[in-house]
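Right, one structure below, let's go through it.
In what follows, every chain begins at residue 1, and chains take the letters A, B, ... in the order their sequences are listed.
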Protein chains: 2
Amino acid sequence: MAITTRERRNPVDKHDARRRALAESALRTLGELGYAKFSLREMANHSEFTHGVVHYYFADKLDLIVYCVQHYKATCITRYDSVIDESFAAEELLRAFVDKLGETIEDEAPMHRLWYDLRSQSMFEPGLADAVSHIDESLAEMVWRVMARYGELAGAQLVVGKPEAYAILDGIFQQALLGHQRDPQGDHLVQLKRQVMLLVPLMTMGLQSGLATEGGSADTPPF
Amino acid sequence: MAITTRERRNPVDKHDARRRALAESALRTLGELGYAKFSLREMANHSEFTHGVVHYYFADKLDLIVYCVQHYKATCITRYDSVIDESFAAEELLRAFVDKLGETIEDEAPMHRLWYDLRSQSMFEPGLADAVSHIDESLAEMVWRVMARYGELAGAQLVVGKPEAYAILDGIFQQALLGHQRDPQGDHLVQLKRQVMLLVPLMTMGLQSGLATEGGSADTPPF
DNA sequence: AGAAAATCTTGACACTCGCCAAGCTTCAAT
DNA sequence: ATTGAAGCTTGGCGAGTGTCAAGATTTTCT
């Protein structure tokens, strides 16, 4: 009965690693097909798994998807922390932030459209509500870290709170994603960057007239 | 062969009226179940129609849903025009606007969550993209009419353009709807009103310090 | 009234779905 | 090497899906 920690932990680590692998495969298919057209067999066809193995690791389809949502959270919640840590001036932070925004919309569009899909689904499928709500809260906190750091570096107070800042930037981001999906040739990414560089200063006090001082390519009037 | 205009127009009117009736029934079921769980038979069970009649009036399921989206547009595009026409001062317009926002979130939550669902679906189902895009554009114009009128009444210029104003208010509205669905007992409606009354002046020049002058119950600090 | 056209119902078709049980394979421990 | 558990595959069940054809019903026109 001498069970070392290694002997005990390894099986459950294997188990969890397998769950993660399943979840990552499911996330790929979900990002491709969306919640409505997602099926376990379709996921199996697009991966190395067989359609039956899911029920060995998850109670049912919804359990898998909820786990996917929670796993997705871990990968995206700290996405902008590097731009916070590596920026030491307000304009530098803002520029790094909008660049990262543009990158993620280009590189991970399927994951982002899936996120908006799942968030909408959570209004019809109560089983998703909790997991989605937690991610939304984490995203709001991530946005708030950027905004707080920006205010700190700019030496100005924020005139909006955490929910407002998140809702605003999320709305802007969502429109950019919709436009990018509808017409990938369009200039939605530069519009997104311009809009964020307009709105972030607007959400801080005393910087409303500082827009024109940034120069560069983002000084076109918004209308 | 004497075909009067009444004889000729009536049949196609009947046809279109029937299509509209089908669409309204489908919209009710869609608002209840969401796009993913919507089925023609489920719609038939919740209405006076039989599941087969749909294919007499629509090519297929997607054709029906696209028609639903377009029909939905007509009912919601002019929703805020009355508050524009009947308000003759900036604060009055703003108050009427936020009141209407709260009303629609209370009275037509199923339709609004359906809208966000369908907009997300349009990123996976290209057949929905055009119809959804047109509605989004119309909603942006509706928001812009309110904003333009507000700026006019306040005697101030807007510091954001049409896409920004719409994205911002849409993001705020969406968060309020999500919160209201997750927890109907919460105070998301008063938060929504407070947020909009903060942000609309913020989107106009020279009104940043005018927030405290409104008094009433919306003067709590945003953070 | 009778013919013709429009409208609707019904039932079946081919298909996909989540789920599960029975059996097979792999692996670890004695 | 043998045994037992863990992991996985396979096939199938029942339910549900969109679609459509055939026929019944209603409406419209001469």
Side-chain angles (χ1 to χ4, degrees), chain A residues 1-26 29-30 32-68 121 124-125 127-128, chain B residues 1-26 29-30 32-68 121 124-125 127-128:
Chain A
M1 281 299 189
I3 299 177
T4 70
T5 60
R6 191 179 176 279
E7 278 165 334
R8 167 179 283 142
R9 200 183 53 226
N10 244 353
V12 334
D13 279 1
K14 271 250 169 187
H15 195 79
D16 263 29
R18 209 86 179 105
R19 278 169 69 96
R20 273 194 299 273
L22 261 314
E24 271 157 30
S25 218
T29 308
L30 276 166
E32 200 81 27
L33 304 178
Y35 180 90
K37 295 181 181 173
F38 173 80
S39 77
L40 299 178
R41 285 178 163 88
E42 201 67 30
M43 165 197 165
N45 292 343
H46 290 55
S47 74
E48 51 182 347
F49 304 104
T50 54
H51 71 273
V53 76
V54 173
H55 296 281
Y56 185 79
Y57 289 97
F58 296 95
D60 57 3
K61 184 187 173 186
L62 190 62
D63 187 29
L64 166 66
I65 294 180
V66 169
Y67 187 88
C68 285
Q121 288 307 319
F124 297 97
E125 180 60 64
L128 287 173
Chain B
M1 282 297 189
I3 300 178
T4 69
T5 61
R6 191 178 178 281
E7 279 166 335
R8 168 178 281 141
R9 201 183 52 226
N10 245 354
V12 334
D13 279 2
K14 270 248 171 189
H15 195 81
D16 264 29
R18 209 85 179 106
R19 278 169 70 96
R20 274 195 298 274
L22 261 313
E24 271 158 30
S25 217
T29 308
L30 276 167
E32 199 81 25
L33 303 179
Y35 180 90
K37 296 181 181 173
F38 173 81
S39 77
L40 299 178
R41 284 178 163 86
E42 201 67 30
M43 165 197 163
N45 292 342
H46 290 56
S47 73
E48 52 181 347
F49 304 104
T50 55
H51 71 274
V53 77
V54 173
H55 292 93
Y56 185 79
Y57 290 96
F58 297 95
D60 56 3
K61 184 186 172 185
L62 190 62
D63 187 29
L64 166 66
I65 294 180
V66 169
Y67 187 88
C68 284
Q121 288 307 318
F124 296 97
E125 179 60 65
L128 287 173

**Study point:** Sequence neighbours excluded - salt bridge (Lys or Arg N to Asp or Glu O under 4.0 Å) pairs with any residue from residues 32-51 of chain B
**Key:**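 Passing the test, one end in residues 32-51 of chain B: Glu125(A)-Lys37(B).
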* Asked: Which residue pairs pass the salt bridge (Lys or Arg N to Asp or Glu O under 4.0 Å) test with at least one member in residues 59-68 of chain B, sequence neighbours excluded?
  ->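 Qualifying pairs: none.
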Shortest non-hydrogen separation from [X] to [Y] and the atoms involved:
{"X": "Cys68(A)", "Y": "Ala23(A)", "result": "SG-O, 3.5 Å"}
{"X": "Gly127(A)", "Y": "Val66(A)", "result": "O-CG2, 3.7 Å"}
{"X": "Phe38(B)", "Y": "Leu64(B)", "result": "CZ-CD2, 4.3 Å"}

Got a sec? Which of residues 17-26 of chain B come in under 4.0 Å of DNA chain D, heavy atoms?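 The stretch gives none, as no residue of it lies under 4.0 Å from the strand.
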Between [atom2] on [N] and [atom1] on [X], what's the gap in Å once rounded to a whole number?
{"X": "Lys14(A)", "N": "dT26(C)", "atom1": "NZ", "atom2": "P", "result": "14 Å"}
{"X": "Leu64(B)", "N": "dC20(D)", "atom1": "CG", "atom2": "P", "result": "15 Å"}
{"X": "Glu48(B)", "N": "dT7(C)", "atom1": "CD", "atom2": "C1'", "result": "14 Å"}
{"X": "Asp13(A)", "N": "dA6(D)", "atom1": "CG", "atom2": "C1'", "result": "16 Å"}
{"X": "Phe49(B)", "N": "dC8(C)", "atom1": "CZ", "atom2": "P", "result": "8 Å"}
{"X": "Tyr56(A)", "N": "dT25(C)", "atom1": "OH", "atom2": "P", "result": "17 Å"}

_Show every ring-ring contact (aromatic ring centres under 6.0 Å, His included) that has at least one partner inside residues 40-61 of chain A, sequence neighbours left out._
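Qualifying pairs, neighbours excluded: His15(A)-Tyr57(A), Phe58(A)-Tyr67(A).
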I want to check something: taking the side chain as every heavy atom from C-beta on, are Leu22(A) and Met43(A) in contact at a cut-off of under 4.5 Å?
yes
| task | Determine the contact category for Tyr57(B): base if any of its heavy atoms lies under 4.0 Å from a base atom, sugar-phosphate if only primed atoms, P, OP1 or OP2 are that close, otherwise nothing. | result |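 If one applies the 4.0 Å heavy-atom cut-off, Tyr57(B) turns out to touch the sugar-phosphate alone, with no base involved.
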Worksheet entry | Verdict with reasoning, Ile65(A) to Gln121(A), per side-chain contact (heavy atoms from CB on, under 4.5 Å) | CA-CA 11 Å; Ile65(A) 294 180; Gln121(A) 288 307 319; over 6 Å; no
List, with names and distances, any nitrogen or oxygen atoms from the protein found under 3.5 Å away from nitrogen or oxygen atoms belonging to nucleotides 17-20 of chain C.
residue: dC17(C); atom: OP1; partner: Ser39(A); partner atom: OG; Å: 2.9
residue: dG18(C); atom: OP1; partner: Leu40(A); partner atom: N; Å: 3.4
residue: dG18(C); atom: OP1; partner: Lys61(A); partner atom: NZ; Å: 3.0
residue: dG18(C); atom: OP2; partner: Leu40(A); partner atom: N; Å: 3.1
residue: dG18(C); atom: N7; partner: Arg41(A); partner atom: NH1; Å: 2.6
residue: dG18(C); atom: O6; partner: Arg41(A); partner atom: NH1; Å: 3.4
residue: dG18(C); atom: O6; partner: Arg41(A); partner atom: NH2; Å: 3.1
residue: dC19(C); atom: OP2; partner: Lys61(A); partner atom: N; Å: 2.9
residue: dC19(C); atom: N4; partner: Arg41(A); partner atom: NH2; Å: 3.4

